[in-house]
Amino acid sequence: MDTPQPSLVNASCPLPLREHERIVLGHGAGGKLTAQLINDVFLPAFRNPVLERMDDQAVLALPAATTGQGAGRLALTTDSFVITPIFFPGGDIGSLAVHGTVNDLAMGGAKPLWLAAAFILEEGLARTDLARVVHSMAAAAEQAGVTIVTGDTKVVNHGKGDQVFITTTGVGWVPEGVSLGANRAQPGDVVLLSGTIGDHGMAILSLRENLEFETTIASDSAALHTLAAALLAACPPPALRCMRDPTRGGVATSLHEIALRSGVGVQLDESAIPVRESVSSACELLGIDPLYVANEGKLVAIVSSDYASRALATLKQHPLGADACRIGEIIASPKDMVLLQTSVGGTRVLDTHFHEQLPRIC
């Protein structure tokens, strides 16, 4: 008896699926799915003449040659963002990536100009979530006046990432005569803070731990370049010694770095440091010191004493500095230390921590 042969009349070669509601490994393979993701998600959000060339690099004209800004120097920074969860009150990983990179440039006195963005996507990430992140990032870049000119996308297996990681590189322009640094603080200088501390870190942690308060704790994530520029204009170097955005490690860690670099001490007044009641309550509940909690929309400035009043008034006139205050001063000794005059009259040393209190918050 002959074995029947399968008919080939209705046989067909299945076409690969091109529409996916979630990220698959093929989106990072460099083929058609990658091109589709770029054309459907990234390019519409970040569209500009440089990016539309779709080269492996962005070729850019320096500001001095195109805008008549005169002599100056380039500033370059890079940062990676691995926050969990990727959406939170006050922002998301997309806007955070722009704000964080813009702020790193601005703290050095640079005018932020261009960004590069690299995305590590986890297989299974919803396309709608990716689109939400990308559009938030585009809106933040437009608001900050920077252009995303190049980037890259990779996909890792499910369980090998955490939805999405973003690495951003920023390029800025430092005008002639602007020179800031953590090694420039001098005894007698004043320490200024642009507003309340701990908002970002506690917004993330309260969300993770399902903590509920009378008011929602929202991240302070914001681009600080206009605030920094206003401070520079009112308090030109060398009167303005340095600026820092106290992200991971918080205000205490940032000031400790300045003390070490300058070979000075820092004396802080606890009663002068603004902390929202909801943040203070969350910190007390979890046994966390708000001075070590990350901020994403605040700056610390070290200013010579004769410019301190002008600098503080300038900060207060800006929407992002309305709660600015003087929180301490630079002292000659003890060197390399940050001291806190507590509300009850004692003094304690603020050292740097060996381990991060709040991992994966930026």
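The number of heavy-atom neighbours closer than 6.0 Å to NZ of Lys335, taken from other residues, nucleotides and ligands shown, is 12 or below.
A donor-acceptor contact closer than 3.5 angstrom is absent between the side chains of Thr153 and His27. At a cut-off of 3.5 Å, with distance as the only test, a side-chain donor of Ser304 or Asp306 sits close to an acceptor on the other residue. There is a side-chain donor-acceptor pair under 3.5 Å between His99 and Ser221. For the residue pair Glu270 and Thr342, no side-chain donor N or O sits within less than 3.5 Å of a side-chain acceptor on the partner.
Within the 3.5 Å criterion, the main-chain N or O of Val264 finds no donor-acceptor partner in the side chain of Ser262.
Remark: Phe165 engages no residue in a ring-ring contact (aromatic ring centres under 6.0 Å, His included) (not counting sequence neighbours).
Exactly one residue among Leu207, Val275, Leu286 makes a side chain to side chain contact (heavy atoms under 4.5 Å, CB included) with Met202. That residue is Leu286.
Linking Ile, Leu, Val, Met, Phe, Trp and Tyr whenever their side-chain heavy atoms come within less than 4.5 Å leaves Leu224 and Leu193 in two separate clusters. Ile258 is not connected to Leu260 by any chain of hydrophobic side-chain contacts under 4.5 Å among Ile, Leu, Val, Met, Phe, Trp and Tyr, and they are in different clusters.
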Yes or no on side-chain contact (heavy atoms from CB on, under 4.5 Å) for Val133 and Gln163, after CA distance, side-chain angles and deciding distance? CA-CA 11 Å; Val133 167; Gln163 296 189 77; over 6 Å; no

Could you go through the side-chain contact (heavy atoms from CB on, under 4.5 Å) check for Val98 and Thr168 one step at a time? CA-CA 8 Å; Val98 172; Thr168 46; 5.9 Å; no

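A pairwise comparison of heavy atoms in Ser219 and Phe88 identifies CB-CE1, 3.6 Å as the closest pair.
The existence of a salt bridge linking Arg184 and Asp189 is excluded, since no basic side-chain nitrogen approaches an acidic carboxylate oxygen closer than 4.0 Å. Salt bridge annotation for Asp289-Arg348: present, with a cationic side-chain nitrogen under 4.0 angstrom from a carboxylate oxygen.
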What donor-acceptor contacts under 3.5 angstrom involve side-chain atoms of residues 136-149, with partners at least two apart or in another chain?
unit_1 : atom_1 : unit_2 : atom_2 : d
Ser136 : OG     : Asp92  : OD1    : 3.1
Ser136 : OG     : Asp92  : OD2    : 2.8

